[in-house]
Amino acid sequence: MAMVSTSCSQLTVLRRSCLKLDSPQSQSFIPNINSNIRFSSSRKASRTVIAMAGTGKFFVGGNWKCNGTKESITKLVSDLNGATLEPDVDVVVAPPFVYIDQVKNSLTERIDISAQNSWVQKGGAFTGEISVEQLKDIGCKWVVLGHSERRHIIGEDDQFIGKKAAHALSEGIGVIACIGELLQEREAGKTFEVCYKQLKAFADAVPSWDNIVIAYEPVWAIGTGKVATPQQAQEVHIAVRDWLKKNVSEEVASKTRIIYGGSVNGSNCAELAKQEDIDGFLVGGASLKGPEFATIVNSVTSKKVAA
């Protein structure tokens, strides 16, 4: 959405200059997971525009994680090939490494392929790792980096993840850069602090933001069935965009897509998609069900209705 007015009361986009998200007052409402605060209650948006604060195309990624067999993935690919997907959405799926070639050779070209991880430098004597160069060789266009399962189970730190992102980008692979807080961090009022720290590690390392999608995934909502309310997700997405504006540039803040992940499914995606700063989704379990994943992709229509 273009910023065409100098009045903070006219466009939600401009509220960033009116609301100081790093102030003590704004931090005070973060710990309440069931907060009913709404940023957009007084907004009256035109129905002739898509309700997106950024200028990027809606983006939906499916992270299949460590799931699937040759048989189940054949069925999933068949369902995706037969699905009707809205044209104005970038769609990506991330199969397990061992099935990437199978998916690449059978999936419609409408959907791009992502890896779930990559090594921090060129290949060599690094047992068990997959290099970006190898991913390019089999047709991957994206890689998921910084996912909470890599951070909190495998033990990858912010700086290591930033270096991996920089290497992937230098080789022409797009990065889905994941950030998000643990439950105890949210309850302690540290949501913004954690997200900013993770963002800074990316910003300190990457050569450009041209091929980065930021995925905000509150760890307490991943695979738990709990999902952030649309307002909770929106408030963090606003904060992320504001951080980019202040610490990188207004242009990057506008064009970088900020997507939400954390128990997104076919039932809750439409309400989440209506939020102005939610530019799409990174989907876990629901991406293993072709028809439901298609529903999530097509939730972009809710953005148009809400505009």
Side-chain angles (χ1 to χ4, degrees), residues 1-3 11-16 19 21-22 30 39-40 50-61 63 88-92 114 142 144-148 161-162 165 169 174-181 191-203 206 208-219 221-222 227-262 264 268-269 271-283 296-297 299-300 302-303 306-307:
M1 179 182 293
M3 297 170 69
L11 277 180
T12 308
V13 180
L14 294 177
R15 68 196 178 291
R16 292 169 189 69
L19 177 63
L21 290 164
D22 52 357
I30 288 297
F39 283 93
S40 55
I50 294 178
M52 290 177 69
T55 58
K57 193 175 184 181
F58 203 71
F59 185 105
V60 176
N63 181 9
D88 47 355
V89 184
D90 286 335
V91 186
V92 175
S114 172
W142 293 88
V144 179
L145 295 175
H147 194 280
S148 66
I161 293 165
L169 292 167
V175 172
I176 301 170
C178 300
I179 63 171
E181 81 283 5
T191 295
F192 291 167
E193 177 185 336
V194 170
C195 291
Y196 293 164
K197 179 174 177 287
Q198 294 168 349
L199 282 170
K200 186 177 186 301
F202 284 114
V206 301
S208 167
W209 289 80
D210 287 344
N211 210 15
I212 297 177
V213 170
I214 296 172
Y216 168 60
E217 295 194 300
V219 182
I222 298 175
V227 61
T229 66
Q231 293 73 37
Q232 287 170 334
Q234 168 69 1
E235 70 193 15
V236 178
H237 283 230
I238 293 172
V240 169
R241 207 178 299 279
D242 187 64
W243 188 94
L244 291 173
K245 179 180 176 181
K246 292 177 179 178
N247 295 278
V248 184
S249 72
E250 286 194 32
E251 180 185 8
V252 167
S254 175
K255 72 181 182 181
T256 299
R257 291 171 288 187
I258 307 169
I259 64 177
Y260 172 78
V264 177
N268 58 35
C269 59
E271 287 304 311
L272 286 162
K274 290 178 183 178
Q275 300 301 308
E276 187 180 342
D277 286 86
I278 295 180
D279 301 325
F281 302 108
L282 184 58
V283 187
I296 297 169
V297 171
S299 66
V300 69
S302 298
K303 245 179 165 39

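Contacts of Glu271 classified as side-chain hydrogen bond (donor to acceptor under 3.5 Å, both in side chains), with partners at least two apart in sequence or in another chain: Lys274. The side-chain hydrogen bond (donor to acceptor under 3.5 Å, both in side chains) check on Asn247 picks up nothing, with sequence neighbours excluded. With sequence neighbours excluded, the residues satisfying salt bridge (Lys or Arg N to Asp or Glu O under 4.0 Å) with Glu181 are Arg186. Every residue meeting the side chain to side chain contact (heavy atoms under 4.5 Å, CB included) condition with Val89, not counting sequence neighbours, appears here in chain and number order: Phe58, Val60, Glu86, Val91, Arg110, Val297, Val300. In this view, Lys200 and Asp204, Trp243 satisfy the side chain to side chain contact (heavy atoms under 4.5 Å, CB included) rule, not counting sequence neighbours. For Phe202, there are no ring pair (Phe, Tyr, Trp, His ring centres under 6.0 Å) partners two or more places apart in sequence or in a different chain. Under the rule for a side chain to side chain contact (heavy atoms under 4.5 Å, CB included), the partners of Asp90 that lie at least two apart in sequence or sit in another chain are Lys57, Phe59, Arg257.
Considering only heavy atoms from C-beta on, Ile258 stays 4.5 Å or farther from Asp277 through its side chain. The side-chain heavy atoms of Phe281 and Ser299, taken from C-beta on, include a pair separated by under 4.5 Å. Contact of the Val227 side chain with the Tyr260 side chain is registered, since non-hydrogen atoms from C-beta on lie closer than 4.5 Å. Side-chain atoms of Trp142 and Asn211, non-hydrogen and from C-beta on, do get closer than 4.5 Å to each other. Between Phe192 and Val236 the shortest side-chain heavy-atom distance falls below 4.5 Å. Side chains of Val252 and Ile212 form no contact here, defined as non-hydrogen atoms less than 4.5 Å apart.
Between Asp88 and Lys303 no salt bridge is recorded (no basic side-chain N to carboxylate O distance below 4.0 Å).
Residues Ala273 and Ser302 come closest through the heavy atom pair CB-CB, 4.4 Å. Considering every non-hydrogen atom in both Leu272 and Pro230, the closest pair reads CD2-CA, 3.8 Å. Taking each heavy atom of Val144 and Cys178 in turn, the nearest pair found is CG1-SG, 3.7 Å. Nearest approach of Cys269 to Val264, heavy atoms of both residues: CB-CG1, 4.1 Å. Considering all non-hydrogen atoms of both residues, Tyr196 and Ala239 come closest at OH-CB, 3.6 Å. The minimum heavy-atom distance between Pro218 and Gly261, with the atom names listed, is CD-O, 3.4 Å.
For the pair Gln198 (side chain) and Gly180 (backbone), a donor-acceptor distance under 3.5 Å is present.
The distance from atom CG of Asp210 to atom CD of Glu251, rounded to the nearest 0.5 Å, is 7.5 Å. One distance of note links CZ of Arg241 with OG1 of Thr256; it measures 8.0 Å at 0.5 Å rounding. Put simply, NE2 on His147 and CD1 on Ile161 are 11.0 Å apart, with the number rounded to the nearest 0.5 Å. Atom NE2 in His237 sits 9.0 Å away from atom SG in Cys195 (nearest 0.5 Å). In this structure, CG on Leu169 lies 9.5 Å from CH2 on Trp209, to the nearest 0.5 angstrom. Between the OG atom in Ser114 and the CG atom in Leu282 there is a gap of 8.5 Å [rounded to 0.5 Å].
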Discussion item. As a quick check of understanding, evaluate side-chain contact (heavy atoms from CB on, under 4.5 Å) for Ile179 and Val240, giving each step before the final call.
Written reply: CA-CA 10 Å; Ile179 63 171; Val240 169; 3.9 Å; yes
